Amino acid sequence: MISTRVIPCFVLGLLVCCGGQTAAPSNVTNAHNMTRILTILEGTINHLPSLVFKLMKDQIPGNSTCSQDSRSVLTGLQNFEMWALEMFDSSGKLQKNILQGTVIFLGNYDKCMEINHVMVGNNGHEIRGSYAKISIKLPNLSSMKALSHLRWDLCVPKSCAKENLTAVLNASELGRLGLAISSVQFVEPLSMEADTGAIVSIVVLSVFGLLCLVGTTFDLGQERYALRLKNKKITNNPDILQNGNKDIVLKDKDAEKIPSDNKTSHLNTTVIANGGNDGCLKIEVESNGKANPDTTVIISADIISSDKGVQETKVVGPSKDTPPQPRAKKNGLCVQMLLTFSIYRNGKRILDCSAPSGTLTCLHGIRVLSMCWVILSHFLELLGGVAENKKEYVSRMQTFGFQFIINGTLSVDTFFVLSGLLVAYLFLRDCSRMGGKVSGKQMGLYYFHRYWRLTPLYAFVLLFYAHLAKYLIDGPMVPGSADEDAQNCKDNWWTNLLYINNLYKSERNAMCMRWSWYLANDMQFYIIGPLALIPLALGHRVVGFVVLAVLLAIQYITTGYTAWDIHFKGIFQRTGSGMSFNADYFNIVYVKPYTRVGVYAIGLALGYLIHKKKGKKLSKLFVFSGSVVAAALGLLATYITYDCYRKNGHAWSEDTFIAQETLYRPAFALALSWMILLCVNGYGGFVNTILSWNAWIPLSRLTYAAYLVHLIIVTSEIGSIRSLPYADMYYIINGYIGVVAVTYAVSFIASVIYEAPCLGLEKIFIKK
């Protein structure tokens, strides 16, 4: 009798070979091979666990423990013992959608690792479960490129080694049919007990956590004490006036003796005292005054009138018994340093939605949306490697809308533009305040501040990634490169902190934190930025713009040459089961500073234009024509690849790919720059309204931390799944929202505990 599991295979063979027309010989051969392999997969793989136990029992004389344990498992299966059934049930089974690219047959990892059976009458011998990932190489079939390899997971006795499984499987029916075993890997739960690096890392990170706990406690205690002292003064002195939440104060105890135009302040309220004609003193209270720490006497007053924020107040006069108020004591250096670790204080600063005057508010929205674009691109890239419906997933990437993801690397170019813009704008503004001069002190602080701004949090994330990140991933989908990535950081961390990891040890399989290449580029661009900024600041505009033009030309020339040298044919390479990032492109083109510096130069030029032309009126024709050109450039840069990647699309030549790679990043940067220029000059309309929304501001402050941690979050989620996800739109949206939420939550914690205290310490020791 034919097993029902084999029937689909015979039907497939009949349809292909006898479908009404004579089939080509190659198709008949491939159909026969497909039928044969699917028959093996359908009819044999589900029996392989018991087959393996039988073979290990009979064919492993060199490992008596493995043979005995395998014999015990077989006996347990025959007797329907639960522990043996659980071991069998924890092995991988044939999955649906094999021709869709489902080539991973997962077992029940957690149940397998829980198996711990004590044999009765065998001196308490234990049989523990061990989870093995087995890669099987299939015959090369032209019509089944997606099935070049498959992965089949087994739950076997822990006493059996990798060599045992390899030998047994190659000697089985799989081996006789040409299905070779490529590799066998055991997945074991990780333990920190013998990991000195992990323990030291936890101690170092915990020290900062302890400082934050102490600093927060002290800060809250100090604030509570100040509030109690204020309430005590109000209770003991009936002459205190509180104008809203502001105390009106005068310097002199005797109101009649206050000279005309005497200014004082309290709680950001400036008080101007003037003599009145009716024998009573009148004062004007103006908002946004500077605080004066001088000794004050609190008096009472009655409000007479108010006009446009300026209040005129009739002073009733101070009580004769009002004691002079002591000068507020300034916190000492140690206290100031401790308060920089206050979670309460740092959290308030980060979550403050107000924008300081002079801020280019539209940049907050651009920064956050670009970070979400980065996260989305990385999330979908990693999800594609584990999706059950790979073929459908890849076909979705071939649609017009998903070119936004195919060209997601443009999101990083957005950050290069923003970085160049802010560096130029702030540098030129500072030089203008100094009378158009550039001092050595200014340049020293220019470089020190940048290094100190980026490095402390970066170092903490590096430490975590090298020693602790691997403990976040647990399950059958732990990446095989996890240990290699951690070792790269242990060996090459210093290249990251020197910001040369895009030039030295920059290969994809050697770089520590592969996504940190951006930070190295950004720091290198920051270092050479003054070559153009100093001439611009000193009024030598021609020299400055010549330098910027040279930087842009360097990107065009080097990108074109390196892409030609590697025979570039797209960022992503098509494989039988999906699409993968082009490794040669990453190593030679993508991460190098000379192929990126032109976009940064465009940002520098934009910063100069905003510094000079901010608030200037632009003609409607100029705004309209520029917007049309910018929109065309932006859409073309983002969606032009649809012509190539769409189903039945045009096959681009190597020259076409090289031209696209050379031109599309600067084109996108120009389109983005035009939008920013319109927004800061008041021509952005509803786009500027959206991008300048104050709710973006806290998230914008967390962008740097989010960039550092987001791939750790994504990798941990994908690497800890227990079953292959069906990546439809609902799953993608749901998973992406969760990743973004967790990323920003972790970013807030990292910023409050590690980033903000370090920046606070800089403000204490370096006074501008």
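Keep in mind that what you see is a predicted model, and the values were worked out from it rather than measured.
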Test side chain to side chain contact (heavy atoms under 4.5 Å, CB included) on Phe186 and Leu165 and set out the steps. CA-CA 11 Å; Phe186 285 94; Leu165 279 175; 3.7 Å; yes
Can you confirm whether Ile500 sits close enough to Lys505 that some side-chain heavy atom of one is under 4.5 Å from a side-chain heavy atom of the other? no
For the pair Thr562 (side chain) and Val589 (backbone), establish whether a donor and an acceptor sit closer than 3.5 Å, ignoring hydrogens and angles. no
Look only at the side chain of Tyr585 and the backbone of Lys569, and say whether a donor-acceptor pair between them is shorter than 3.5 Å. no
To the nearest 0.5 angstrom, please state how far the CD atom of Gln487 sits from the SG atom of Cys512. 10.5 Å
Between Leu154 and Val184, is any pair of side-chain heavy atoms under 4.5 Å apart? no
Determine yes or no for a side-chain-to-main-chain donor-acceptor pair under 3.5 angstrom, with Asn116 supplying the side chain and Glu126 the backbone. no
Among Leu382, Val374, Ile375, Thr743, exactly one meets side-chain contact (heavy atoms from CB on, under 4.5 Å) together with Leu711. Which residue is that? Leu382
Between Asn407 and Gln403, is there a donor-acceptor pair closer than 3.5 Å when you use the side chain of the first and the backbone of the second? yes
Can you measure from CE (Met87) to CG (Asn108) and round to the nearest 0.5 angstrom? 12.5 Å
Test log, rule side chain to side chain contact (heavy atoms under 4.5 Å, CB included), inputs Ile406 and Ile571: CA-CA 8 Å; Ile406 293 291; Ile571 294 178; over 6 Å; no
Residues which pass salt bridge (charged side-chain N to carboxylate O under 4.0 Å, His left out) with Glu388, listed by chain and number, not counting sequence neighbours: Lys96
In Å and rounded to the nearest 0.5 Å, what is the OG to CG distance from Ser90 to Asp153? 11.0 Å
Using modelled atom types only, decide if a donor and an acceptor are shared between the side chain of Ser130 and the backbone of Val156 within a distance under 3.5 Å. no
Side-chain donor/acceptor pairs under 3.5 Å, residues 457-473, sequence neighbours excluded:
{"residue": "Tyr458", "atom": "OH", "partner": "Asn496", "partner atom": "ND2", "Å": "2.9"}
{"residue": "Tyr458", "atom": "OH", "partner": "Ser516", "partner atom": "OG", "Å": "3.4"}
{"residue": "Tyr471", "atom": "OH", "partner": "Ser191", "partner atom": "O", "Å": "3.4"}
{"residue": "Tyr471", "atom": "OH", "partner": "Asp195", "partner atom": "OD2", "Å": "2.6"}

Specify the closest pair of heavy atoms between Trp494 and Asp491, including all atoms of both residues, with the distance to one decimal. NE1-O, 3.4 Å
Students often mix this up, so state it plainly: with edges at 30° and 60°, are the rings of Phe404 and Trp373 parallel, tilted or perpendicular? parallel
Looking only at heavy atoms, what is the nearest atom pair of Glu86 and Ile115, with distance? C-CD1, 3.9 Å
If you compare all heavy atoms of Ile127 against all heavy atoms of Pro157, which two are closest, and at what distance to 0.1 Å? CG2-CB, 4.3 Å
Test side chain to side chain donor-acceptor pair (under 3.5 Å) applied to Asp584 and His567, step by step: CA-CA 10 Å; Asp584 288 338; His567 303 287; over 6 Å; no
Under a 3.5 Å distance rule, please check whether Lys93 uses its side chain to pair with a backbone N or O of Phe105 as donor and acceptor. no
The reported gap from SG in Cys112 to CZ in Arg128 (rounded to nearest 0.5 angstrom) is 12.0 Å
Would you say NZ of Lys490 has more than 12 non-hydrogen atoms from neighbouring residues, nucleotides or ligands within 6.0 angstrom? yes
Counting N and O atoms only, with roles assigned by atom type, does the side chain of Asp474 sit under 3.5 Å from a partner on the main chain of Pro189, one being a donor and the other an acceptor? no
With a distance cut-off below 6.0 Å to the six-membered ring centre and an angular limit of 45° from the axis, does Lys111 pair with Phe88 as a cation-pi contact? no
So, do Val187 and Pro476 sit near enough that their side-chain heavy atoms are less than 4.5 Å apart? no
Do Arg151 and Gln185 have side chains that get closer than 4.5 Å, going by heavy atoms? no
Please report the shortest heavy-atom distance between Ser91 and Cys155, naming the atom on each side. OG-N, 3.0 Å
Over 12 foreign heavy atoms within 6.0 Å of OH, Tyr504: no
Answer whether the closest heavy-atom distance between the side chains of Tyr590 and Thr595 falls below 4.5 Å. no
Do you know the tightest heavy-atom contact between Leu106 and Arg722? CD1-O, 3.6 Å
List for me each residue that meets side chain to side chain contact (heavy atoms under 4.5 Å, CB included) alongside Ala563, sequence neighbours excluded, and say none if there are none. Phe568, Ile658
What's the shortest heavy-atom distance between Gln398 and Tyr642, and which atoms? O-CE1, 3.4 Å
Could you list the residues that satisfy ring pair (Phe, Tyr, Trp, His ring centres under 6.0 Å) with Trp493, not counting sequence neighbours? none
Does a side-chain heavy-atom distance below 4.5 Å link His125 with Gln68? no
Is there side-chain contact between Ile181 and Ile136, with at least one heavy-atom pair below 4.5 Å? yes
Are the side chain of Arg646 and the backbone N or O of Cys644 linked by a donor-acceptor pair below 3.5 Å? no
With a 4.5 Å cut-off on side-chain heavy atoms, are Lys592 and Arg596 touching? no
Once rounded to the nearest 0.5 Å, what's the spacing between atom CG of Leu74 and atom CG of Asp69? 11.5 Å
Kindly indicate, with the supporting measurements, whether the criterion side chain to side chain contact (heavy atoms under 4.5 Å, CB included) is fulfilled by Met513 and Leu519. CA-CA 11 Å; Met513 286 177 55; Leu519 300 178; over 6 Å; no
I'd like to check the side chain to side chain donor-acceptor pair (under 3.5 Å) partners of Trp83; sequence neighbours left out, ordered by chain and number. Glu81, His117
Using modelled atom types and a 3.5 Å cut-off, is there a donor and acceptor pairing between side-chain atoms of Asn521 and backbone atoms of Tyr518? no
Just by modelled atom types, is the Asn501 backbone N or O under 3.5 Å from a matching donor or acceptor in the Trp517 side chain? no
Enumerate, atom names and distances included, each donor-acceptor pair closer than 3.5 Å involving a side-chain atom of residues 728-740, sequence neighbours excluded.
{"residue": "Asp728", "atom": "OD1", "partner": "Tyr731", "partner atom": "N", "Å": "2.9"}
{"residue": "Tyr736", "atom": "OH", "partner": "Cys372", "partner atom": "O", "Å": "2.8"}

Please report the interatomic distance CD1(Ile199) to CE(Met192), rounded to the nearest 0.5 Å. 8.5 Å
